[in-house]
Amino acid sequence: MKITLNRINDDFLFECTNSQGNSILLDNTSQPGAKGVSPMESVLMAVAGCSGIDVVAILKKQRQEITGFKAEVEGERVPVDDAKPFKSVKVRFLLEGNIDPKKALKAAELSFEKYCSVSKTLEPNVEIGYEVLVNGEKI
């Protein structure tokens, strides 16, 4: 796996591109007019994407009808020397459709305990939590 980062303006805007040519913009969001996401926001996005792919894949294999899927991710940061790494990350899955709530909860559990490489990478130093709502009902 390899990405390329290219600076695309005179400040802090970077384009990160993967080997298939897909890209995202990273920027210093503490500056006015930022045109990309911060690197730390991209970490939260990676957790959401990785676990989201897992949950959808597991539920599709179980023939669950997903008509809506959303994930909200919040990260709490703490000062460590001059950096501010994440102390904890919480993911909230909001699913809609003809979905067995127990299967949805099990899919999330499998993602975080077994499959999600991003959360597994963070796990030794970051507390990862999650909750699942199906059709507006918390499980």
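Side-chain atoms are counted along with the backbone in the values below, which use heavy atoms only and exclude waters and symmetry mates. Start at 1 with the first residue, then count along the sequence.
- In the hydrophobic cluster analysis, where Ile, Leu, Val, Met, Phe, Trp and Tyr join through side-chain heavy atoms closer than 4.5 angstrom, Leu94 is grouped apart from Val47.
- Side chains of Pro85 and Asn125 form no contact here, defined as non-hydrogen atoms less than 4.5 Å apart.
- Residue Gly36 comes nearest to Thr29 through the heavy atom pair O-CG2, 3.5 Å, listed as atom of the first residue, atom of the second, then distance.
- Within 6.0 Å of NZ in Lys120 there are more than 12 heavy atoms belonging to other residues, nucleotides or ligands.
- At least one side-chain heavy atom of Ile139 sits under 4.5 Å from a side-chain heavy atom of Val134.
- Note that CD1 of Ile24 is 10.5 Å distant from CD of Glu41, once rounded to the nearest 0.5 Å.
- Ion pairing of Lys90 with Glu74 is absent here, as no side-chain N (NZ or NE/NH1/NH2) approaches a carboxylate O to less than 4.0 Å.
- With rounding to the nearest 0.5 angstrom, the OG atom of Ser119 is 14.0 Å from the NZ atom of Lys114.
- Of all heavy-atom pairs spanning Asp54 and Ser111, the tightest one is OD2-OG, 2.9 Å.
- The shortest distance between side-chain heavy atoms of Val55 and Val132 does not fall below 4.5 Å.
- When side chains are defined from C-beta on, Val43 counts as touching Phe86, because their heavy atoms get closer than 4.5 Å.
- Nearest heavy atom pair, residue Val37 against residue Met45, reads CG1-CE, 3.2 Å.
- Rounding to the nearest 0.5 angstrom, the gap separating the CG atom in Leu59 from the CD1 atom in Ile99 is 6.0 Å.
- Not a single donor-acceptor pair under 3.5 Å links the side chain of Asp81 to the backbone N or O of Ala83.
- From Glu15, atom CD reaches atom CD1 of Ile3 across 10.5 Å, with rounding to the nearest 0.5 Å.
- Hydrophobic cluster membership is shared by Ile128 and Leu105, with clusters built from Ile, Leu, Val, Met, Phe, Trp and Tyr side chains linked at under 4.5 angstrom.
- Note that the CD1 atom of Ile8 and the CG atom of Leu26 stand 9.5 Å from one another [nearest 0.5 Å].
- Under the 3.5 Å distance criterion, the side-chain polar atoms of Thr67 are matched with a main-chain donor or acceptor of Glu96.
- Residues Cys16 and Leu5 come closest through the heavy atom pair SG-CD1, 3.6 Å.
- Side-chain atoms of Tyr115 and Ile53, non-hydrogen and from C-beta on, never get closer than 4.5 Å to each other.
- In this structure, Phe112 is a member of the same hydrophobic cluster as Leu122, with clusters built from ILVMFWY side-chain heavy atoms closer than 4.5 Å.
- Taking all atoms of both residues into account, the shortest heavy-atom contact from Leu133 to Arg92 is CD1-CG, 3.8 Å.
- In this pair, Phe69 and Phe93 present their aromatic rings tilted. The plane angle is within the 30 to 60° band.
- With sequence neighbours left out, Gln20 forms a side chain to side chain donor-acceptor pair (under 3.5 Å) with Asn18.
- Distance alone, capped at 3.5 Å, places no donor-acceptor pair between the Arg63 side chain and the Glu65 backbone.
- Residue Glu127 qualifies as open at atom CD: its count of foreign heavy atoms under 6.0 Å is 12 or below.
- The two residues Pro39 and Asp27 have their closest heavy-atom pair at CD-O, 3.9 Å.
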May I have the step-by-step check of side chain to side chain contact (heavy atoms under 4.5 Å, CB included) for Ser19 and Lys2, ending in yes or no?
CA-CA 7 Å; Ser19 57; Lys2 179 181 176 181; 5.7 Å; no
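- Val73 is connected to Met40 through a chain of hydrophobic side-chain contacts under 4.5 Å among Ile, Leu, Val, Met, Phe, Trp and Tyr, so both are in one cluster.
- In this structure the side chain of Tyr130 reaches within 4.5 angstrom of the side chain of Glu109, judged on heavy atoms.
- Here the NZ atom belonging to Lys35 is positioned 10.0 Å from the CG atom belonging to Asp11, to the nearest 0.5 angstrom.
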